[in-house]
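Read the structure below first, then the notes.
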Amino acid sequence: MKAIAALVLLLVQLPAQPQGRFTGVAARSVFGYVTNNGFSGGRKYFPQPLCGGVAVLDFDNDGLMDLYFTNGARFPDLRKTGPEFHNSMLRNKGGGVFEDVTARAGLAGEHLGYSLGAAAADYDNDGFTDLFVANAGANTLYLNQGDGTFRDVTAASGLGRKPEGTLSVQGAWLDFDRDGHLDLVLSNYTRWTPATDQRCVRADGIDYYCHPKTYPSVPHRLYRNRGDGTFNDVTEAAGFAAALGKGMGIAVADINGDAWDDIFIANDTEPNFLYLNQRDGTFREQGLAMGVAYNDDAATVSAMGADLRDFDNDGWPDLFYNDLTGQVWGLFRNLRGKSFRYVSAAAGLAHLSMPYSGWSGGFFDYNNDGWRDLYSANGDVDSLRPGAEQHDTLFENVEGKRFVDVSAKAGEHFQRKGYQRGAAFADLNNDGFPDLIVTSLGRRPAILLNSAAGGGHWLTLRLVGRKANRDSIGARITLTTPSGRTLHDWLSPSAGFLSSSDPRVHFGLGGETKAASLEIRWPGGGALTMKDVAADRILTIREPL
């Protein structure tokens with residue numbers, strides 16, 4: 001009876017459009033946001049390629065996912081001198097139409113300077129989703145006041161404090177100590193200010209972006225939520241201070257099956273980090289021991305976006321990161337929590353990814369066949385390189401064994417070349433097929449609806465924690481179909497680069513019309529099992545008390 005009382009069921013119609021294509025709908029909406037990294041010709045500053053984050057959130061609790069975009073600033077003073085640099089909140093009105101509510105919501109961020117990643121979550125468990133923004137200067141925490149507006153609470157929260165000059169890239173929410181309050185992990189890149197920027201110039205006098213080795217590596221940071229609206233910097237106490245890197249994307253999941261969330265951070269030109277949760281408030285960095293610090297040639301790469309999902313449906317979260325042209329995107333199979341095996345070549349990524357510089361990206365089941373596919377937002381670092389403008393890629397998962405390139409059939413966006421950066425996955429129209437949101441330097445974002453009619457059945461879960469954190473970040477979900485297929489996911493919106501995705505959990509079911517069983521394990525130990533759950537609907541499931 002508790003399980004029945006915990007459900008809110010929403011039936012949704014499937015669209016009648018061609019399968020597997022993404023249709024751009026940004027033109028239906030009036031908004032001024034363009035990704036502006038502050039480059040106006042001539043002098044280039046080191047952070048300029050890192051611009052255009054996107055966070056997916058339902059800030060007004062109307063059941064439709066809204067979009068928040070971060071933006072750059074003028075150089076060298078790092079000021080958002082006008083609307084051309086403002087961050088942006090777009091409210092989803094349905095039908096692929098979005099309303100610009102930035103000013104009303106108080107989220108233009110005129111005082112933030114150069115903004116990078118955005119991460120959305122309900123950190124105070126009040127039922128309204130809040131926002132964290134990583135910046136070149138002080139980082140920022142916005143509290144959702146529940147009336148359509150946000151308030152900057154950075155000073156009181158403690159999240160604005162970090163070593164002077166630290167260039168922060170991305171934040172990710174998790175409950176690492178399972179106390180019911182969301183903590184924050186932060187990837188940092190280097191120590192940088194406009195005054196310390198190194199200028200790199202070719203022999204012909206043209207500026208280029210300096211190699212990452214020009215700048216020092218720094219520790220990533222971990223902040224523990226005290227549960228009273230404030231955070232304690234536990235970087236040293238938790239074991240984060242000793243490992244120095246150049247942090248980019250963050251992926252969070254329970255790597256080894258002990259029901260405690262672990263953290264992967266992709267590092268640019270440095271070994272990647274995998275922090276294993278020791279269940280006592282500390283982490284141990286085990287990237288080398290677990291086999292993910294380097295690629296198969298024992299070399300570092302320019303790792304960018306990252307994701308941890310189960311691409312082969314064996315019940316263990318696998319690892320993906322993308323990187324630059326001429327390198328191979330990393331795909332690592334999780335060997336039952338003991339280590340990872342580099343499988344990029346075996347899965348076809350060595351050939352498929354070599355031409356592309358990937359930034360944000362990750363796993364999502366675009367055609368609902370029950371196998372998670374790979375998307376990447378592409379574009380090189382600098383326009384000086386041949387082939388710098390690139391199109392995005394969609395690689396379809398073939399039964400967990402290999403990937404094939406279906407980009408040419410995925411719609412016009414996948415033929416358009418540019419400098420794509422941030423990207424997130426979300427079901428924007430609640431039709432059960434995951435959509436895409438992508439930023440591109442110098443352009444309006446692409447808002448791409450997935451018109452995958454004729455694809456498989458699906459089931460989407462919105463989990464509400466009551467003893468666990470309200471967003472249920474860290475929950476493990478296991479779904480078994482009548483034919484005996486078993487699918488798994490770990491709830492974490494952090495995926496890709498500069499971005500956070502739809503907080504709901506999506507399963508593609510192929511030809512199955514229901515889940516024979518559905519098991520949810522909330523962080524902290526609560527569990528719920530359900531039988532014979534019909535497909536093609538969104539379920540809100542509340543944690544039993």
Side-chain angles (χ1 to χ4, degrees), residues 6 57 119-132 139 141-144 153-154 156-162 171-187 220-241 250-265 274-285 308 317 461-477 489-494 500 503 505 519-528 541-545:
L57 69 160
D122 181 7
Y123 79 89
D124 59 351
N125 291 332
D126 69 348
F128 294 94
T129 305
D130 312 298
L131 272 170
F132 172 82
N139 299 320
L141 181 64
Y142 285 112
L143 175 68
N144 187 334
V153 296
T154 308
S157 74
L159 288 183
R161 293 192 291 271
K162 61 180 180 180
W173 296 100
L174 76 161
D175 184 3
F176 77 85
D177 53 3
R178 303 198 327 183
D179 65 353
H181 303 290
L182 287 175
D183 314 299
L184 185 80
V185 60
L186 178 65
S187 67
H220 308 310
R221 307 202 76 80
L222 184 66
Y223 299 88
R224 180 179 178 271
N225 188 338
R226 294 189 179 103
D228 60 359
T230 67
F231 292 79
N232 181 33
D233 187 338
V234 295
T235 302
E236 292 190 11
F240 270 63
I250 306 173
V252 177
D254 175 15
I255 294 294
N256 51 13
D258 65 358
W260 295 73
D261 270 345
D262 310 297
I263 303 166
F264 174 83
I265 298 184
L274 180 57
Y275 299 93
L276 291 185
N277 195 326
Q278 302 300 294
R279 297 176 288 177
D280 60 1
T282 69
F283 289 79
R284 182 176 297 172
E285 200 289 294
L308 279 164
L461 307 177
R462 174 180 172 262
L463 303 185
V464 180
R466 295 198 283 181
K467 291 182 291 185
N469 67 84
R470 186 177 175 87
D471 284 355
S472 302
I473 291 175
R476 173 174 178 152
I477 305 96
D489 206 354
W490 293 259
L491 200 164
S492 173
S494 181
S500 66
V505 177
E519 180 185 69
I520 301 160
R521 294 190 175 274
W522 274 270
L528 174 68
I541 305 178
R542 293 179 173 82
E543 179 186 16
L545 292 175

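Hydrogens, waters and symmetry mates play no part in the numbers below; they use all other heavy atoms, side chains included. The model shown is predicted, which means the values in this text are computed figures rather than measured ones.
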| field | Atom CZ of R226 with >12 non-hydrogen neighbours under 6.0 angstrom | value | yes
| From W173 atom CH2 to D122 atom CG, the distance as rounded to the nearest 0.5 Å | 9.5 Å
| message | Would you say that more than 12 heavy atoms from the other residues, nucleotides or ligands in this model lie under 6.0 Å from the CZ of R521, or not? | response | no
| What's the shortest heavy-atom distance between S472 and G465, and which atoms? | OG-N, 3.0 Å
| message | Using every non-hydrogen atom in the two residues, find where I255 and P317 come nearest and quote the distance to one decimal. | response | CA-CG, 4.1 Å
| message | Check whether D175 reaches the backbone of G180 with its side chain - one donor and one acceptor, N or O, closer than 3.5 Å. | response | yes
| request: Starting from the C-alpha separation in whole Å, work towards a yes-or-no answer on side chain to side chain contact (heavy atoms under 4.5 Å, CB included) for I477 and E519. | output: CA-CA 6 Å; I477 305 96; E519 180 185 69; over 6 Å; no
| field | Spacing of S492 atom OG and I473 atom CD1 [to the nearest 0.5 Å] | value | 6.5 Å
| said: Just so I know, are the side chains of R462 and I541 near enough to count as touching, which here means a heavy-atom distance under 4.5 Å? | reply: no
| message | Once rounded to the nearest 0.5 Å, what's the spacing between atom CZ of F231 and atom OG1 of T154? | response | 10.5 Å
| task | Determine, step by step, whether H220 and L186 satisfy the side chain to side chain contact (heavy atoms under 4.5 Å, CB included) criterion, reporting the C-alpha distance in whole Å, the side-chain angles of both residues, the deciding distance to 0.1 Å, and the verdict. | result | CA-CA 6 Å; H220 308 310; L186 178 65; over 6 Å; no
| request: Decide yes or no for P523 and N469: does some side-chain heavy atom of the first lie under 4.5 Å from some side-chain heavy atom of the second? | output: yes
| remark: Nearest heavy-atom contact between G171 and A119 is O-CB, 3.3 Å
| Are the side chains of L545 and K467 in touch, meaning some heavy atoms are under 4.5 Å apart? | yes
| query | Would a 4.5 Å heavy-atom cut-off, applied to side chains only, mark F176 and D261 as touching? | reply | no
| message | I want to check something: taking the side chain as every heavy atom from C-beta on, are I250 and V252 in contact at a cut-off of under 4.5 Å? | response | yes
| Should P503 and D471 count as side-chain neighbours, where that means a heavy-atom distance under 4.5 Å? | no
| message | To the nearest 0.5 Å, what is the distance between CG on L57 and CZ on F128? | response | 12.5 Å
| task | Can you establish whether the number of heavy atoms outside E236 located under 6.0 Å from its atom CD is more than 12? | result | no
| field | Which residues share a salt bridge (Lys or Arg N to Asp or Glu O under 4.0 Å) with D254, sequence neighbours left out | value | none
| Do you know which two heavy atoms are closest between L141 and S157, and how far apart they sit? | CD2-CB, 3.7 Å
| Do Y123 and F132 have their ring centres less than 6.0 Å from each other? | no
| request: Look at the side chain of T235 and the backbone N and O of L222, then say whether any donor-acceptor pair between them is shorter than 3.5 Å. | output: yes
| request: Calculate, to the nearest 0.5 Å, the distance between atoms CG and CG belonging to L463 and L491 respectively. | output: 5.5 Å
| field | Check: R470 main-chain N/O paired with N125 side-chain donor or acceptor under 3.5 Å | value | yes
| task | To the nearest 0.5 Å, tell me how far Y223 OH sits from L184 CG. | result | 7.5 Å
| field | Candidate list T282, D262, I263, test side-chain contact (heavy atoms from CB on, under 4.5 Å), partner L276, passing option | value | D262
| query | Do N144 and L131 come close enough that some side-chain heavy atom pair is under 4.5 Å? | reply | no
| So, are D233 and R221 salt-bridged, with charged N and O less than 4.0 Å apart? | yes
| message | Please check: side-chain N/O of E285 versus main-chain N/O of L274, any donor-acceptor pairing under 3.5 Å? | response | yes
| Flag, side chain of E543 to backbone of V464, donor-acceptor distance under 3.5 Å | no
| Listed by chain and number, what are the salt bridge (Lys or Arg N to Asp or Glu O under 4.0 Å) partners of R224, not counting sequence neighbours? | D177, D179
| said: Does any part of the side chain of F264, heavy atoms only, come nearer than 4.5 Å to the side chain of Y275, both counted from C-beta? | reply: no
